[in-house]
Protein chains: 2
Amino acid sequence: MKDVSRTPPALEGRRERKRRETRARIADAAITLFLRKGFTAVTVDEIAEAADVSKRTFFDYFPAKEDVVIAWQDKFTGPLTEAVAAGPQSEAPVQAVERAMLDALGKTATPESFAIHALVQGTPALAAREQHKYVLLETRLFEALHARYPQENPLGLRLLAMVVIGALRIGTEEWQSTEGLKPEDIPSFTHKVFRMLWRQLAKLR
Amino acid sequence: MKDVSRTPPALEGRRERKRRETRARIADAAITLFLRKGFTAVTVDEIAEAADVSKRTFFDYFPAKEDVVIAWQDKFTGPLTEAVAAGPQSEAPVQAVERAMLDALGKTATPESFAIHALVQGTPALAAREQHKYVLLETRLFEALHARYPQENPLGLRLLAMVVIGALRIGTEEWQSTEGLKPEDIPSFTHKVFRMLWRQLAKLR
DNA sequence: ACGCATTATTGCACTAAATGCAGAATTTAG
DNA sequence: CTAAATTCTGCATTTAGTGCAATAATGCGT
């Protein structure tokens, strides 16, 4: 080992920073165009042009056109799993997911995210991917729960994750089909959905 | 006398019959090739050739290559919703879905359906569509339940459908990852999954 | 500062999916 | 048998996505 002070910015060199910037530039250009003209009406050439890279470079950053949208939506997964891990000791699994969901929604739900969700729903090719994303989210949530409650029955935690993500999906649909709801209303709306969820599940058998 | 054929079964003319046959021929050729060589390794030209139609005709029957697989899997939806509608009067919703699921699985679960499911899981492009199919199935199940129990809270039925289809999805995964299970074991396996499902859900809150 | 290895970017050629269109072939109805 | 409707086909075109090799930018050791 040599002098450490020689390489202070070892955390993120110019290369990594540029790569991150380029990726963001492509994503921004793509989302802007998608929201303006619709997903299918935008070509990859167009995105590449707007982001000032070659078409070939686009595919170096995203394996497919759809993945730009999917990656954009994935901003929810991190906050959710982190919130699960960060709860107080005494907490039971059910309370943990409810609190985590509320927490993560408060952090990531913006007018823009709703606009993107609407775009996804209006594009068949994207709608399928959207559902796949929910399944991945369910898996991540289960993993976070399993890591925090290793003594619990894994299948039980898996079902808990399934039920909660399912409620998120149905709740989002309800939200979208209800006019006049603003981002500020999210906490109370989420509370309402959860209350209904536990009530209805208790009635099953 | 030849006027026996004067009033043939006007229910399905030659045109409709041929169309149905052609569709089946294309689907058969495609599935056979997919199972032998994998989804991505088979081109539409190849399928069209094997089914003795032009490539253009293929797209007259299926909007995309993936839709052949999706349509094939959709054989489950009909039996499930019919079984929901056909139950005895006294039955409660929860019992209805459990019986319907068992019924429909017994009718449609074949070695071939498992082979196709494995193919789907091994192909990213198809896996996304698979999840979309589950959501559609959930919607159909909800509609069947809502039609039969109009006085029940729709949101409750929606959650019931969500939970049951989620259990089907997770149960199928468990099945696939367990070696040595045969189609005969499906009823008992399904029973086990349902018992576990209600037990775990009761423990939530 | 200089060269060298690594990685990022690009252009080019190519495959394959999917769509539009116009005409030929087939089926149905009268 | 004829006319209308429908199905099938070939052809051209657009676009997504991949492989490859050449070039440019960056990081690193001296």
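Below, chains carry the letters A, B, ... as their sequence lines are ordered, and counting in each starts from 1.
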Toward the 5' end of DNA chain C, which comes first, B/D45 or A/R19, by nearest nucleotide? A/R19
Atom CZ of A/R25 and atom C1' of C/dT9: how far apart are they, to the nearest Å? 12 Å
For A/T57, answer base if it contacts any base atom (sugar-phosphate contacts may also be present), sugar-phosphate if it contacts only those atoms, and nothing otherwise; contact means non-hydrogen atoms under 4.0 Å. base
Rounded to whole angstroms, how far apart are CZ on A/R17 and C1' on D/dT26? 12 Å
Is it the case that the side chain of A/T110 and the backbone of A/S113 share a donor-acceptor pair, with hydrogens and angles ignored and the cut-off at 3.5 Å? yes
Choose from D/dA16, C/dA16, C/dA8 the nucleotide whose nearest atom is closest to any side-chain atom of A/F59. D/dA16
Regarding the side chain of A/R15, the nearest nucleotide among D/dT26, C/dA18, D/dA16 is D/dT26
If you check every side-chain atom of A/Y61, which of D/dT26, D/dA16, C/dA8 has the closest atom? C/dA8
Backbone N or O of A/A118 within a donor-acceptor pair of the A/Q121 side chain at under 3.5 Å? no
What nucleotide among C/dA16, D/dT26, C/dT26 has an atom nearest to a side-chain atom of B/K18? C/dT26
Listed nucleotide nearest any side-chain atom of B/R56, set D/dC8, D/dC11, C/dT9: D/dC11
Whole-Å distance between C/dG11 P and A/F58 CZ? 16 Å
May I ask you to check whether B/H132 and A/E130 show a side-chain donor-acceptor distance below 3.5 Å? no
Using atom CD1 of A/I47 as one end and atom C1' of D/dG17 as the other, report the distance to the nearest whole Å. 13 Å
Taking the side chain of B/V53 as heavy atoms from C-beta outward, which of C/dT10, C/dA16, D/dT9 is closest to it? D/dT9
Whole-Å distance, B/E66 CD to C/dA17 C1', equals 10 Å
Separation of C/dA17 atom P from B/F39 atom CZ, nearest Å, is 8 Å
Separation of D/dT15 P from A/F62 CZ (nearest whole Å): 21 Å
Side chain B/D28, main chain B/R25, donor-acceptor under 3.5 Å: no
Presence of A/S54 side-chain N/O under 4.0 Å of C/dT10 phosphate oxygens OP1/OP2: yes
Below 4.0 angstrom from OP1 or OP2 of D/dG17, is there any side-chain N or O of A/K65? no
Residue-phosphate contact under 4.0 Å: B/T43 side-chain N/O, C/dT15 OP1/OP2: no
B/K55 side chain: which of C/dT10, C/dA17, D/dA16 is closest? C/dA17
Considering only NZ, NE, NH1 and NH2 on the basic side and carboxylate oxygens on the acidic side, decide whether B/E143 and B/R148 come within less than 4.0 Å. no
Rounding to a whole Å, what distance do you find between A/D60:CG and D/dG19:C1'? 12 Å
